[in-house]
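Note that the numbering runs from 1 along the sequence shown for the chain.
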Amino acid sequence: MKDPFYKSLGYAISGIKTCIQKERNIKIHLFVMGCVIVCGFLLKISIIQWMICLLLFALVISLELVNTAIEAVVDLCSPTYHPLAKIAKDTAAGAVLVSAIFAAIIGLMIFVPRFFEIVFQ
């Protein structure tokens with residue numbers, strides 16, 4: 001029998017907390033996310049731009065959580081070096097990197113024009 005929903009939710013929250021406590025990169029992503037939120041309020045971005053930012057936050061943070069899970073499983077299954085383990089871990093990390101790079105590009109596309117609108121108004 002499956003656990004009730006509230007227990008499943010608790011497990012998910014526990015996983016997020018563990019990732020934040022143990023992984024440096026998610027802390028960096030959360031810091032950048034906080035900076036983007038502050039800039040969004042200061043520059044008064046539109047509701048559509050907020051939705052884009054929220055979607056990008058979810059994408060990058062979710063991929064970081066999945067990357068952490070993949071790394072943990074690979075380390076459990078292959079405690080010694082194995083070329084396939086390296087491929088799995090590097091590819092998962094690459095997915096996070098790709099999402100973060102494109103999130104930064106899209107962020108610049110949102111914030112730079114808005115910044116110039118305000119400064120040169």
Side-chain angles (χ1 to χ4, degrees):
M1 185 164 148
K2 282 190 156 192
D3 286 334
F5 176 74
Y6 72 91
K7 281 195 173 184
S8 296
L9 188 61
Y11 299 145
I13 291 169
S14 176
I16 294 167
K17 283 182 185 176
T18 300
C19 187
I20 292 169
Q21 290 169 348
K22 296 185 179 289
E23 295 297 323
R24 177 197 64 211
N25 288 346
I26 199 163
K27 291 175 186 163
I28 294 167
H29 294 306
L30 291 171
F31 174 76
V32 170
M33 186 174 85
C35 293
V36 169
I37 290 169
V38 169
C39 289
F41 281 115
L42 292 174
L43 296 176
K44 298 178 180 157
I45 62 175
S46 72
I47 190 74
I48 298 295
Q49 291 169 326
W50 273 116
M51 289 191 295
I52 292 167
C53 288
L54 291 172
L55 186 61
L56 292 170
F57 296 159
L59 176 67
V60 173
I61 297 300
S62 295
L63 282 173
E64 188 62 54
L65 291 166
V66 170
N67 178 51
T68 299
I70 289 170
E71 287 182 354
V73 170
V74 168
D75 288 346
L76 178 67
C77 295
S78 182
T80 59
Y81 177 82
H82 191 284
L84 292 176
K86 178 179 178 6
I87 290 171
K89 291 171 82 169
D90 290 353
T91 304
V96 179
L97 179 62
V98 167
S99 71
I101 288 169
F102 279 92
I105 291 167
I106 294 167
L108 290 171
M109 292 169 72
I110 290 171
F111 285 95
V112 169
R114 185 71 186 124
F115 174 78
F116 284 114
E117 271 178 35
I118 291 172
V119 169
F120 296 112
Q121 206 173 21

Tell me which donor-acceptor pairs under 3.5 Å the side chains of residues 113-121 have, and how far apart each pair is, sequence neighbours excluded?
from   : atom 1 : to     : atom 2 : distance (Å)
Arg114 : NE     : Leu43  : O      : 2.6
Arg114 : NH1    : Glu117 : OE1    : 2.7
Arg114 : NH2    : Leu43  : O      : 3.2

Table please: side-chain donor-acceptor pairs of residues 53-77 below 3.5 Å, with sequence neighbours left out.
from  : atom 1 : to    : atom 2 : distance (Å)
Ser62 : OG     : Ala58 : O      : 2.7
Glu64 : OE1    : His29 : NE2    : 3.1
Asn67 : OD1    : Ala93 : N      : 3.1
Thr68 : OG1    : Glu64 : O      : 3.0
Asp75 : OD1    : Lys89 : NZ     : 2.6

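- A single hydrophobic cluster is not seen to contain both Met51 and Ile105; linkage of ILVMFWY side chains at heavy-atom distances under 4.5 Å, directly or through other members, places them apart.
- Expressed to the nearest 0.5 Å, how far CE of Met109 lies from CD1 of Ile106 amounts to 7.0 Å.
- At least one side-chain heavy atom of Ile110 sits less than 4.5 Å from a side-chain heavy atom of Ile45.
- If you chain together hydrophobic residues whose side chains sit under 4.5 Å apart, Leu42 and Val112 never meet in one group.
- Taking CD1 from Ile52 and CD1 from Ile47, the interatomic distance works out to 11.0 Å, rounded to the nearest 0.5 Å.
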Review item, side-chain donor-acceptor pairs of residues 3-23, under 3.5 Å, at least two apart:
from  : atom 1 : to    : atom 2 : distance (Å)
Asp3  : OD2    : Tyr11 : OH     : 3.0
Thr18 : OG1    : Ser14 : O      : 2.9

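- A side chain to side chain donor-acceptor pair (under 3.5 Å) check over residues 48-59, counting only residues at least two apart or in different chains, returns the pairs Ser46-Gln49.
- Listed by first then second residue, pairs satisfying side chain to side chain donor-acceptor pair (under 3.5 Å) with a partner in residues 36-45 number zero, not counting sequence neighbours.
- Residues passing the salt bridge (charged side-chain N to carboxylate O under 4.0 Å, His left out) test with Lys27: none are found, sequence neighbours excluded.
- Annotation: ring pair (Phe, Tyr, Trp, His ring centres under 6.0 Å) contacts of Phe31 (sequence neighbours excluded): none.
- A continuous path of Ile, Leu, Val, Met, Phe, Trp and Tyr side chains, each step under 4.5 Å between heavy atoms, connects Phe41 with Met33, placing both in one hydrophobic cluster.
- Leu84 belongs to a hydrophobic cluster whose remaining members, ordered by chain and number, are Ile87; membership requires side-chain heavy atoms of ILVMFWY residues under 4.5 Å apart, directly or through intermediates.
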